[in-house]
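Lettering of chains follows the sequences in order, A, B, ..., and the numbering in each one begins at 1. Here the structure is a predicted model, which means the values were calculated and not measured. What's counted below: heavy atoms across the whole structure, side chains too, no hydrogens, waters or symmetry copies.
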Amino acid sequence: MVITRFAPSPTGYLHIGGLRTALFSWLWARKNGGKFLLRIEDTDLSRNSEDALKAILKAFDWVGLNYDGDVVYQSQRFDVYKDYIAKLLQEGKAYKCYMTKEELDALRAKQEAKGERPRYDGRYRDFCGEPPAGVEPVIRIKAPREGFIEFNDGIKGDIKIAASEVDDFIIARSDGTPTYNFVVAIDDYEMGLTDVIRGDDHLYNTPKQLVVYNALGFKPPKFYHVAMINNEKGKKLSKRDGALDVMEYKKAGYLPEALINFLVRLGWSNGDQEIFSIEEMIELFDPKNINKSASSYNLDKLLWLNAHYIKNSSNEKLVELLKDFGVDLENSDKIDAILNATKQRAKTLVELANEINKILNTPKEYDEKAIKKAFKGEALTIIKDFVELLKSSDSLNSKEDYHEVMQKLVEQKEIGFGKLGQPLRVALLGSMSGPGLDEVMYIIGLDEVEKRVKNIENFLKG
RNA sequence: GGCCCCUUCAUCUAAUGGUUAGGAUUCAUGGUUUUCAUCCAUGCCAUAGGAGUUCGAAUCUCCUAGGGGUCACCA
């Protein structure tokens, strides 16, 4: 049984780095028919974990990640941690340290001044004397003083860290609350985790957590440390780089499958394959194929994937999605015509909505260059004649019907298609680009075509 | 600064001692299209640098450089 987890600290939203590690963990659990658990690391009581959890679940829900069992809150497990602390104290594997924060700061400053690595000097490690009055002690765990702490990382291979790098770190603050590295080890053990996939930034926490595992006699899980995601310049991702919050991608018009596909390929690959359905990801994912090096995210590729998924979405699905972007086609009788005309040219749902509005709404203004280029010579007469020809046609029930009329006019007048198409396009859409005119006309209908041609006639006169 | 990790086209990556170093995105060019986009084709572009080991190195070793992480009574 493979059991993985996602264990965010409550920061208020889920960012894309977190989503990627969550995705990796989720995929690995699902692939193996295991469990994916969710735990909120809220030992720091000053943060609101309810809101943070809601934000995370909202994002999970959007991208389609689900978790098993109940959410574990560390803030509700303090009794458990207390028992373990008492046990370690009793067994002499942890001890009370009466050094005050001020003394600790002073020690650190002194060590730094000497160019040494700041670390606790172990002065209370074997203390048996009379404790100083008025000092609430912290609890420190006894870390090995010699040798190495070693483990095998599923991504980076064998990691060996000198014991001198790990001091007797604090497992309980002077107010009695336990600290991060201590509770993580306990929870990961008690939740039965077999595989811990997390960010690279936790690599140095691992030896500390191993000290806890060791002291408690727990068998540690397999660790996988995934390298960070950098921004497009190869630097650390920060709020300045834009959408860190996963839900921002929803607002920007990305499809969840595009974002997930994008993220799974950031640091992981399966040969040359670029497009993965969720089912394929589950089938193919293996952490052994996760890259060791950090990756930069590249908006162009995400955009390309998003365009791909829009193009390949069903029209029914797009109708639903577009509702969030101010376009409601539910009651339209031309859904397929509208979406088939537009979904090829949109990279995001925002763009798709704009494309649709451009067709559906009578243009309020015209592109100046387009006017100049398209309305030379007989252009206005040509499109007016075209409208007359449309009116005399007996059937206009498909884009093909409209196309035939266009064809007929061009032949009658012995002109190139562009002589009709360019001015007509500007009249109908306000600019020189857009979907096929036969499609546009079929969508908006004869009356609207006539109206738009009249509009541009008035515009040109005025 | 100490310690640890990392380094293949601009970007994501493939190639686990033998390939003309492959694919994708971007970009450029051409085709298709009345236009734009799509689509198709073609092209440009990389093993950070230096020493070894080896018949043979992107791949193994060492050094250098660069990037990142971490050194809390935060998580």
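Between A:Ser296 and B:rU11, a side-chain N or O to OP1/OP2 separation shorter than 4.0 Å is absent. Remark: A:Arg425 is not in phosphate contact with B:rU34, judged by side-chain N or O atoms under 4.0 Å from OP1 or OP2. Phosphate proximity of B:rA75 to A:Thr43: present, with a side-chain N or O under 4.0 Å from OP1 or OP2. Between A:Lys311 and B:rC39 there is a side-chain polar atom (N or O) within less than 4.0 angstrom of OP1 or OP2.
Distance from the side chain of A:Asp300 is smallest for B:rU25 among the nucleotides B:rU25, B:rU13, B:rC4.
No hydrogens or angles considered: nothing links the side chains of A:Asp42 and A:Gln74 as a donor-acceptor pair under 3.5 Å.
A salt bridge links A:Arg77 to A:Glu190: at least one charged side-chain nitrogen sits closer than 4.0 Å to a carboxylate oxygen.
Across all strands shown, the partner of B:rU7 is B:rA65, judged by Watson-Crick or G-U wobble contacts whose two distances both fall under 3.5 Å. Nucleotide B:rU53 has no partner under the Watson-Crick or G-U criteria, as no pair reaches both atom distances under 3.5 Å.
In this entry the distance linking CD of A:Glu165 with C1' of B:rG2 reads 6 Å, nearest Å. Atom CG in A:Leu437 sits about 13 Å away from atom P in B:rC36, given to the nearest Å. Per the geometry, CG belonging to A:Asn291 stands 19 Å off P belonging to B:rG23, to the nearest Å.
For an aromatic pair to be called close, the ring centres must be under 6.0 Å apart, and A:Phe417 with A:His403 satisfies this.
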